[in-house]
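A short worksheet on the structure shown next.
As the structure is a computational prediction, the values presented were derived from the model and not from experiment.
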Amino acid sequence: MIASVIVDVPAKQIDRTFDYTVPASLQPVVQRGVRVIVPFGPRKIQGFILEIKHESSVKKLKPIEEVVDIEPVLNEELMSLSEWLTEQTLCYRISALQVMLPAAMKAKYHKLFFQLDHDIPDHIQSLFHTESPLSWKKADESGALKDLQELIKQRKVEMKYVVRQSMNVKKKRFVELTGTVTSGNIPGNARKQKQILEHLEAGEGKIAVADLKEIAQTTSAVIKTMIDKGYLKESFSEQYRDPFAERTFEKTDHFTLTPDQKKAITPIVEKVNQYEQQTFLLHGVTGSGKTEIYLQTIDQVLKQDRQAIMLVPEISLTPQMVQRFKGRFGDQVAVMHSGLSVGEKYDEWRKIHRGEVNVVVGARSAIFAPFKRLGVIIIDEEHETSYKQEDSPRYHARDVAIERSMRHGCPVILGSATPSLESFARAKKGNYQLLELEYRMNQQDLPEVKIIDMREELREGNRSMFSRDLLVEIEKRIERKEQIVLFLNRRGYSSFIMCRDCGTVMQCPHCEVSLTYHRYKESMKCHYCGFEEQVPNTCPECESEHIRYFGTGTQKVEEELFKLMPHVKTIRMDVDTTSKKGSHEKLLDAFGRGEADILLGTQMIAKGLDFPNITLVGVLSADTMLHLPDFRASEKTFQLLTQVSGRAGRHEKPGEVIIQTYTPEHFSIELAKTQNYEWFYQKEMMMRKTAQYPPFYFISLITLSHENVNKAAGVCNEIAEILKSRLSDQSIILGPVASPIARIQDKYRYQCMIKYKHEPELKLLLKKILDQYSDTGKDAVSINIDVQPYIMM
DNA sequence: AGCACGCCGACT
DNA sequence: GTCGGCGTGCTC
């Protein structure tokens, strides 16, 4: 028996199967989708069995060393989906397989030294005393590698390659009575032991060691003694790490659907019942009740003993969403989002894999949940860019969802108040079925939106980042004890450091970006490579001392706000204050309880957040992202403003929104005022048509990087020439041009964009180009291809 | 990607 | 003369 294996090495030359013989003892368990450990050159690595066969064209085969799984970790559907993913995103097969499993299942590789002989030098011997077997890392740190190498030659030391799973199943320890003694016949001075025995005799069977320690007020030492003496027997049972252990979820029931909602859900349920694929685009303003439609669709799916995947953008939405899902479906729900630890994610995955849950609510990667009977896939906030993975495999969850739904024969629901132009265009064309929710559920009017021209403010002498109107409105809310949300665009854009005399902006020495100022350490940091340096006292160019930071970071807004209104309490939410696990939720909870008047934050507060007392939303600078080199800039701005505005007045109290901008005449800002998606869509479609961008054209992006500018540009030019000669006249090849971020980590970046309508051979051609140019050699230009990029840099 | 094998300069 | 630099090529 022979197994074809894809091994865990993401490299061009290894991106194919390798054949191994299967020892008789392993034959019953090897099958497609099972992980194995195999010898590969001098080392051992993990791999996936792709195929079982009986012949191989290779003569000398090595045997499989070990089988990792009793059951396949990837079922037939996911195995074939990985093939599709490999072709679609031009990634390595191993990457496509790996991305479908939780990070915990990625193998870790170790090199260990084993001592075989006592006659070795003292300093090596002492190393073995501290650690045996001795890890490569430690040996290297102690500078002993050379000596060890010599000892290996003398056969006094041996080196082994070890493959380990990075995460293990969590086990809980239990003890029970063995019956060899009773509490009556142990020595009187063993008070604790007696107490423990009595307790166990009164109860029945096993008890968790942790509980026992609590009850008997004792330590594991006592319990260990009792185990050693044979009074107690220990056992282990597998345990799930439950991230929601301390929380109870109130059981909730269906809401009665409004006529509007009924009209929308009917065609979906129809498709569910018919086991048919159909992609729906559910378009409804914030508060129109999309979630209830999701919940009731899932309910229908569960009634048929089928399963559901629900994708949400990222952690921000999840606490409230999770609550709603757990409330409705109880422990049938697994949750997968970035806030969980690696171990927790692994456990949630195992619940799905074992068929213990039927619903998964999660971020992008949950699209690969190993369900066998999918009944519906839902993507909420479908326009969110976080559904596109930016590193290999560069997949879009929406594409994977549709592909899986075809294999399962089930509908996909894409939901959004501001659909991506691509999706809306497809819906208009009839590729997707458009479902509109026109009314807000509680008949609540949309908040009043006021646009403030900050140029006007400047002309009238207001140089602060708050317009006079905004300040007045903030004061009003404070008086009325209502709450305010202040929104600031992404952190990377803010707080650069500039010399006021010569205008020099502090730049990263390794990347073509300006450094960001971080107040708490008086330092400046690069967001691309992590470079960090103290803010200099004098300008490195002109030695002037007039160095200061510009832009508006959240920290700076907070300070300004404090200067203007020292009596106001603010909670700041940005990457700095929410990096710790659970802090996101904690801050939101605190704000919900009314512990602060103002919530100040970046992008991450734009979603979810639904507190009745928020009556004012301020957008400090609506246009910062309008000027990014990205054809989706207007779309993103409109989506963001619409979404942020939706945060105000979600309940009885009417809400107001103030948008500050330097370009009030821009259509995406004007139209966000009325939240008129349809108009925005028409207008933006016209722009896209003239500029020849999606949805009128598909785009692929090739990026070349190298330390030498000319080399990067040169190769980029070669590739552009190949493309020009091979593609049809209707396709447009832009470039080579320097990437918007011209240099990252000392490597210059050049790119070439392909815009096309119909190029059936393009994937093949790109694959060829990728093969031809992906040399891994020392001085090689590295190449990256994104088949449908979301970020143009 | 690792790792071994192999062929040329500065040290005991 | 050897140690060690990293170029080249292979991994079932």
Next on the checklist: Applying the side chain to side chain donor-acceptor pair (under 3.5 Å) criterion to Glu422(A), which one of His396(A), Arg632(A), Arg398(A) satisfies it?
Outcome noted: Arg632(A)

Hey, are [X] and [Y] close enough for a salt bridge, meaning a charged N less than 4.0 Å from a carboxylate O?
| X | Y | result |
| --- | --- | --- |
| Arg394(A) | Asp391(A) | no |
| Lys345(A) | Glu348(A) | no |
| Arg350(A) | Asp347(A) | yes |

Euclidean distance, atom [atom1] of residue [X] to atom [atom2] of [N] [Å, nearest integer]:
| X | N | atom1 | atom2 | value |
| --- | --- | --- | --- | --- |
| Gln149(A) | dG4(C) | CD | C1' | 11 Å |
| Ile14(A) | dT11(C) | CD1 | C1' | 6 Å |
| Arg16(A) | dC10(C) | CZ | P | 11 Å |
| Ile152(A) | dC3(B) | CD1 | C1' | 14 Å |
| Gln13(A) | dG2(B) | CD | P | 13 Å |
| Tyr161(A) | dG2(B) | OH | C1' | 8 Å |

Sugar-phosphate only, base, or nothing, as touched by [X] at under 4.0 Å among non-hydrogen atoms:
| X | value |
| --- | --- |
| Lys12(A) | nothing |
| Phe40(A) | base |
| Lys60(A) | sugar-phosphate |

